[in-house]
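Have a look at the structure below before the remarks.
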Amino acid sequence: METVSENRAFGGIQGVYTHSSESCHCDMTFGLFLPEEAKLGPVPVLWYLSGLTCTHENAMTKAGAQSWAAEQGIALVFPDTSPRGEGVADDEAYDLGQGAGFYVNATQAPWAPHFSMWDYVAEELPALLAENFAVDMERQGITGHSMGGHGALTLAMNLPGQFKSVSAFAPISNPTAADWGRKQLSAYLGDDEVAWAKHDATIMMKERGFDGPILVDTGTSDQFIDLLRPEALAAAVAERRQQAVLRLQPDYDHSYFFVSTFIEDHVSFHAEALYAD
């Protein structure tokens, strides 16, 4: 692992690091904010998964999460959204290939050799963090925006016990029934829709749910709301009678202005769960 940069921020350190990934078979970059409390011992971890076209940097610089994480004494992890570099498959479309990993383990050509973002977020990067930083991997929460919200919800429901809390900003909630999803799941996983199910938050909510608190915010003026399908997730939550807070925020869109407006709520929500024991 190599340090790209480390900057003092809100009493802690915002770092950017690169390493050779065994899951993705390329160099990967991630951001990590450590609050001042990390000097004294391991702190809880909140994952932030970004959306289409983003890198590790978007939320790190636009969401304004570090001030609230510093206040709560929790670390923030900002992974990239896909593998990158020469030799990594890509597509001319913004919603497939580099920048659009969809947090799955691809099984189809040309994506399979590198696109293993599920394993990267679920296994490899947590192990790297635990080995190198003062983080408590027994206390993890996960959040994300858009494609990252999809990843946060599906990872949380498929990995029981790994995350104590999950939240999302404008998540792609029902990708097997939307253009933001069917295209990518078919490309990465093939045409067998049974393999898609674990990557659909609405289906997973019906089948498994989540043993912990859930918070989801979506703007009513989100220009992509028909692709996000928040109503499908809401129906699944009601059907399962799952503990969850689902909010439609009047007049907010899909941008980081929306995310930064409600990031304090989400960080506080996770902090309450992470420090509950």
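Owing to the predicted nature of the structure, the values given are computational and were not obtained by experimental measurement. Computed from heavy atoms alone, side chains included, the values below leave out hydrogens, waters and symmetry copies.
The 12-atom threshold is exceeded at CD of Q108, counting heavy atoms of other residues, nucleotides or ligands nearer than 6.0 Å. When the shell of 6.0 Å around CD of E2 is examined, it contains 12 or fewer heavy atoms from other residues, nucleotides or ligands. Other residues, nucleotides and ligands contribute only 12 or fewer heavy atoms inside 6.0 Å of the CD atom of E272. The number of heavy-atom neighbours closer than 6.0 Å to CZ of R8, taken from other residues, nucleotides and ligands shown, is above 12. Sparse packing is recorded around CZ of F257, with 12 or fewer heavy atoms of other residues, nucleotides or ligands lying under 6.0 Å away. Heavy-atom contacts from other residues, nucleotides or ligands closer than 6.0 Å to CG of N132 number more than 12. Residue-environment remark: CG (D179) stays at or below the threshold of 12 foreign heavy atoms within 6.0 Å.
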For this session: Report the C-alpha separation of F115 and V88 in whole Å, then their side-chain angles, then the decisive distance to 0.1 Å, and conclude whether the side-chain contact (heavy atoms from CB on, under 4.5 Å) test is met.
Result: CA-CA 9 Å; F115 280 69; V88 176; 3.8 Å; yes

Exercise. Checking side-chain contact (heavy atoms from CB on, under 4.5 Å) for the pair L34/V135: CA distance, chi angles, key distance, verdict?
Worked result: CA-CA 8 Å; L34 288 174; V135 291; 3.9 Å; yes

Problem set entry | Candidate pair R208 and K198, rule side-chain contact (heavy atoms from CB on, under 4.5 Å), full reasoning | CA-CA 10 Å; R208 299 188 182 185; K198 68 179 286 187; over 6 Å; no

Problem set entry | From CA spacing to verdict: side-chain contact (heavy atoms from CB on, under 4.5 Å), C26, R84 | CA-CA 7 Å; C26 63; R84 299 180 192 271; 6.0 Å; no

For this session: Give the C-alpha distance, both sets of side-chain angles, the deciding distance and a yes or no for side-chain hydrogen bond (donor to acceptor under 3.5 Å, both in side chains) between D80 and T55.
Result: CA-CA 5 Å; D80 203 346; T55 69; 5.1 Å; no

For this session: List the steps and the verdict of ring pair (Phe, Tyr, Trp, His ring centres under 6.0 Å) for F102 and H199.
Result: CA-CA 9 Å; F102 260 76; H199 300 293; 9.3 Å; no

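For the pair L274/Q72, no side-chain contact is recorded, criterion being any heavy-atom separation below 4.5 Å from C-beta on. Residues I214 and V237 form no side-chain contact, since every pair of their non-hydrogen atoms from C-beta on lies 4.5 Å or further apart. Within the 4.5 Å cutoff, the side chain of T29 has heavy atoms near those of the V16 side chain. Put simply, the side chain of M117 reaches to within 4.5 Å of the side chain of C24, judged on heavy atoms. For the pair I74/V43, no side-chain contact is recorded, criterion being any heavy-atom separation below 4.5 Å from C-beta on. For the pair S260/K62, no side-chain contact is recorded, criterion being any heavy-atom separation below 4.5 Å from C-beta on. M204 has its side chain out of reach of D200: every pair of non-hydrogen atoms, C-beta onward, lies at least 4.5 Å apart. W196 places a side-chain heavy atom less than 4.5 Å from the side chain of R182.
Remark: aromatic rings of W180 and H150 are distant, center separation not under 6.0 Å. The aromatic ring centroids of F33 and F10 lie 6.0 Å or more from each other.
Although no hydrogens or angles enter the test, the distance criterion places a donor-acceptor pair under 3.5 Å between the side chain of E124 and the main chain of S23. Judged by distance alone, the side chain of Y103 and the main-chain N or O of T81 form no donor-acceptor pair under 3.5 Å. Listed for the S173 side chain is a donor-acceptor partner under 3.5 Å among the backbone atoms of P171. Checked by atom type and distance alone, the side chain of E264 never pairs as donor or acceptor with a backbone atom of W68 at under 3.5 Å. Looking at D90, its side chain does come within 3.5 Å of a backbone N or O of Q98 through a donor-acceptor pair. Between the side chain of H25 and the backbone N or O of E22 there is at least one donor-acceptor pair closer than 3.5 Å.
Applying the ring-ring contact (aromatic ring centres under 6.0 Å, His included) test to Y17 and every residue at least two apart in sequence or in another chain returns F30, F133.
In this structure, CD in Q66 is found 9.0 Å from CD1 in I263, a value given to the nearest 0.5 Å. For the atom pair CZ of F210 and OG1 of T154, the computed distance is 12.0 Å after rounding to the nearest 0.5 Å. Taking CG from D192 and OG from S186, the interatomic distance works out to 10.5 Å, rounded to the nearest 0.5 Å. To the nearest 0.5 Å, atom OG of residue S255 and atom CD of residue Q223 are 7.5 Å apart. Here the straight-line distance linking atom CZ of F224 with atom CD1 of I172 works out to 10.0 Å at 0.5 Å rounding. Taken to the nearest 0.5 Å, the CG atom of L76 stands 8.0 Å off from the CG atom of L32.
Here the closest heavy-atom approach between residue A168 and residue G149 is recorded as CB-CA, 3.8 Å. Considering all non-hydrogen atoms of both residues, F258 and D217 come closest at CZ-O, 3.4 Å. Shown here for A178 and L227, the closest heavy-atom pair between the two residues is CB-O, 3.4 Å. The minimum heavy-atom distance linking A152 with V166 is given by the pair O-CG2, 3.6 Å. For the pair G99 and S82, the tightest heavy-atom approach, listed with the atom from each and the gap, is N-OG, 2.7 Å. When every heavy atom of K183 is checked against every heavy atom of D95, the shortest pair comes out as NZ-OD1, 2.7 Å.
Under a hydrophobic-cluster definition in which Ile, Leu, Val, Met, Phe, Trp and Tyr are linked whenever side-chain heavy atoms come within less than 4.5 Å, directly or via other members, L228 and M157 are assigned to the same cluster. Hydrophobic clustering (side-chain heavy atoms under 4.5 Å, transitive across Ile, Leu, Val, Met, Phe, Trp, Tyr) groups Y256 together with Y252. Linking ILVMFWY residues whenever their side-chain heavy atoms come closer than 4.5 Å, directly or via other members, places L128 and L155 in the same cluster. Note: the hydrophobic cluster containing W118 also contains L49 (ILVMFWY, side chain heavy atoms under 4.5 Å, direct or indirect links). In the hydrophobic clustering of ILVMFWY residues, with side-chain heavy atoms under 4.5 Å counting as a link, V45 and M60 come out apart.
Checking T176 against E193 by side-chain atom types alone, no donor-acceptor pair falls below 3.5 Å. Side-chain atoms of D253 and S221 form no donor-acceptor pair, as typed in the model, at a separation below 3.5 Å. Under 3.5 Å, the side chains of N58 and H145 contain no donor-acceptor pair of N or O atoms.
A parallel orientation is assigned to the rings of Y120 and H19, their planes being inclined by less than 30° (bins at 30° and 60°).
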Side-chain donor/acceptor pairs under 3.5 Å, residues 136-143, sequence neighbours excluded:
residue	atom	partner	partner atom	Å
D136	OD1	E138	N	3.0
D136	OD2	R139	NE	2.7
D136	OD2	R139	NH2	3.2
Q140	OE1	W47	NE1	2.7
Q140	NE2	M137	O	3.1
T143	OG1	S167	O	3.2
T143	OG1	S167	OG	2.7

